[in-house]
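Computed over heavy atoms, backbone and side chain alike; hydrogens, waters and symmetry mates excluded. These numbers come from a predicted model, not from an experiment.
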Amino acid sequence: MDVAAREHRALLYALTSVALWSTVATGFKLGLRDMAPAQLLLLGCVVALLFFAVARGFVSARLTLRQHAAAAALGIVNPFAYYLILFEAYDRLPAQIAQPLNFTWAIALALLAMPLLRQRLSTRGWIGVLIGYVGVVVILTKGEFDGVGHYDPLGVVLALASALIWAWYWIMTVRLGIHPVPLMLNGFAVATCLVAVFCWTTVGLPTLNLETAGYGAWVGLVETGIAFLSWQRAMTITAHAGKLGALIFLAPFLSLVLIAVVLGEAIHPSAVVGLALIAAGLVLSRWPSASNTA
């Protein structure tokens, strides 16, 4: 395959991922209308587990016993804790608020990389962090700067916490260096068991019907399955990962369109401005390259 054809394929893979990821905020909110956060997560985990079990058959990477244990342990963090917290945030907040707050994960990544990976943040990076969190303030205050009481406080805390958890998880996976497919398979195997127990002892197991199964498939395939592998494939075959990775910035803005059209949320101008500031801060502060996503 010549270079032009390879880059064309990489672009198609990347755009597919961006298109799929732009739907997840809407999918989360729709699913949470019929199910509790833990119930939606359980169905999503089951679907994702099956997906990655099939995908594992096409990957030759072998893990040591220690790597298996580490990947399984990380499953407690993601998807179990991360998605429980994220879904609870979406359950408490409008999608147009939860989504950009969670998008601050990459800015949090720049901050966590300093103590965990001993990375130094440049002056430009610090400016990016500042701009990004100014965007958060704009979103939470609706640009009025007279307080942050517009939204559920716990929901806000959970959305920002989800960003920190994902950033920490990403750094841990970099340090382990495990192939993403067996990493996700082990993680979902552990998380599925934990979420099932959590559901059983709290809100009860989800009712299975075409609608709830569809939402579970949306979470398991779109958010963590097909889009994930499509993005990984794009980053593998392209020679310009940094440029191609910049496409990920389209996802949250496309997501706002779907939130307005499908969910019927009236998008407040501050949500757009705040998201633009967060994206600008991310461009300045992101580490180590644009090829990494969540």
Is the closest side-chain heavy-atom distance between [X] and [Y] below 4.5 Å?
{"X": "Val190", "Y": "Asn186", "result": "no"}
{"X": "Val195", "Y": "Tyr83", "result": "no"}
{"X": "Leu117", "Y": "Arg175", "result": "yes"}
{"X": "Trp168", "Y": "Leu116", "result": "yes"}
{"X": "Ser22", "Y": "Leu258", "result": "yes"}
{"X": "Phe51", "Y": "Leu229", "result": "yes"}
{"X": "Leu263", "Y": "Leu30", "result": "yes"}
{"X": "Leu254", "Y": "Val18", "result": "yes"}

To the nearest 0.5 angstrom, please state how far the [atom1] atom of [X] sits from the [atom2] atom of [Y].
{"X": "Lys142", "Y": "His268", "atom1": "NZ", "atom2": "NE2", "answer": "5.0 Å"}
{"X": "Leu158", "Y": "Ile85", "atom1": "CG", "atom2": "CD1", "answer": "6.5 Å"}
{"X": "Leu277", "Y": "Ile139", "atom1": "CG", "atom2": "CD1", "answer": "8.5 Å"}
{"X": "Leu111", "Y": "Trp126", "atom1": "CG", "atom2": "CH2", "answer": "5.5 Å"}
{"X": "Asn78", "Y": "Met172", "atom1": "CG", "atom2": "CE", "answer": "13.0 Å"}
{"X": "Trp231", "Y": "Leu15", "atom1": "CH2", "atom2": "CG", "answer": "8.5 Å"}

Looking only at heavy atoms, which two atoms of [X] and [Y] are closest? And how far apart?
{"X": "Leu63", "Y": "Ile178", "value": "CD2-CG2, 3.7 Å"}
{"X": "Val129", "Y": "Leu121", "value": "CG2-CD2, 3.9 Å"}
{"X": "Ala191", "Y": "Cys45", "value": "CB-SG, 4.3 Å"}
{"X": "Ala159", "Y": "Ala89", "value": "N-CB, 3.6 Å"}
{"X": "Leu43", "Y": "Gly216", "value": "CB-CA, 3.7 Å"}
{"X": "Glu7", "Y": "Ile237", "value": "OE2-O, 4.2 Å"}

* Asked: Is it the case that more than 12 heavy atoms not belonging to His68 sit under 6.0 Å from its NE2 atom?
  ->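 Yes, enclosed.
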* Asked: Are more than 12 heavy atoms from other residues, nucleotides or ligands located less than 6.0 Å from atom CZ of Phe198?
  ->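 It does not: Phe198 CZ has 12 such atoms or fewer within range.
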Taking [Y]'s backbone N and O only, do any of them form a donor-acceptor pair with [X]'s side chain (distance below 3.5 Å, no angle check)?
{"X": "Ser230", "Y": "Ile226", "result": "no"}
{"X": "Gln99", "Y": "Pro252", "result": "yes"}
{"X": "Lys29", "Y": "Pro94", "result": "no"}
{"X": "Gln96", "Y": "Ala266", "result": "yes"}
{"X": "Thr201", "Y": "Val197", "result": "yes"}
{"X": "Trp105", "Y": "Leu164", "result": "no"}
{"X": "Arg56", "Y": "Val59", "result": "yes"}
{"X": "Thr64", "Y": "Gln67", "result": "yes"}

* Can you tell which of Leu42, Val46, Asp34 makes a side-chain contact (heavy atoms from CB on, under 4.5 Å) with Pro206? ->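 Of the listed options, the one satisfying the test is Leu42.
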* Donor-acceptor pair between Ser162 and Asn102 side chains, under 3.5 angstrom ->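 There is such a pair (donor and acceptor under 3.5 Å, judged by atom type) between the side chains of Ser162 and Asn102.
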* Asked: Partners of Phe103 by ring-ring contact (aromatic ring centres under 6.0 Å, His included), sequence neighbours excluded?
  ->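 Partners of Phe103 by the ring-ring contact (aromatic ring centres under 6.0 Å, His included) criterion come out as none, since no residue qualifies.
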* side chain to side chain contact (heavy atoms under 4.5 Å, CB included) evaluation trace for Val77 with Tyr82 -> CA-CA 6 Å; Val77 178; Tyr82 171 70; 5.6 Å; no
* Show your working on side chain to side chain contact (heavy atoms under 4.5 Å, CB included) between Val219 and Leu41 and close with a plain yes or no. => CA-CA 8 Å; Val219 172; Leu41 178 57; 5.5 Å; no
Look at the side-chain heavy atoms of Ile, Leu, Val, Met, Phe, Trp and Tyr, link any pair under 4.5 Å apart, and say whether [X] and [Y] land in one connected group.
{"X": "Leu205", "Y": "Leu40", "result": "yes"}
{"X": "Val181", "Y": "Tyr13", "result": "no"}
{"X": "Phe253", "Y": "Val262", "result": "yes"}
{"X": "Tyr169", "Y": "Met114", "result": "yes"}
{"X": "Leu50", "Y": "Val54", "result": "no"}

* Look at the aromatic rings of Phe52 and Phe188 and report parallel, tilted or perpendicular, splitting at 30° and 60°. =>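 Phe52 vs Phe188 ring planes: parallel.
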* Side-chain cluster (under 4.5 Å, hydrophobic types only) that Val203 belongs to, other residues ->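 Result for Val203 is none, singleton.
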* **Contacts of Arg233 that satisfy salt bridge (Lys or Arg N to Asp or Glu O under 4.0 Å) - sequence neighbours left out** =>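 Here no residue qualifies.
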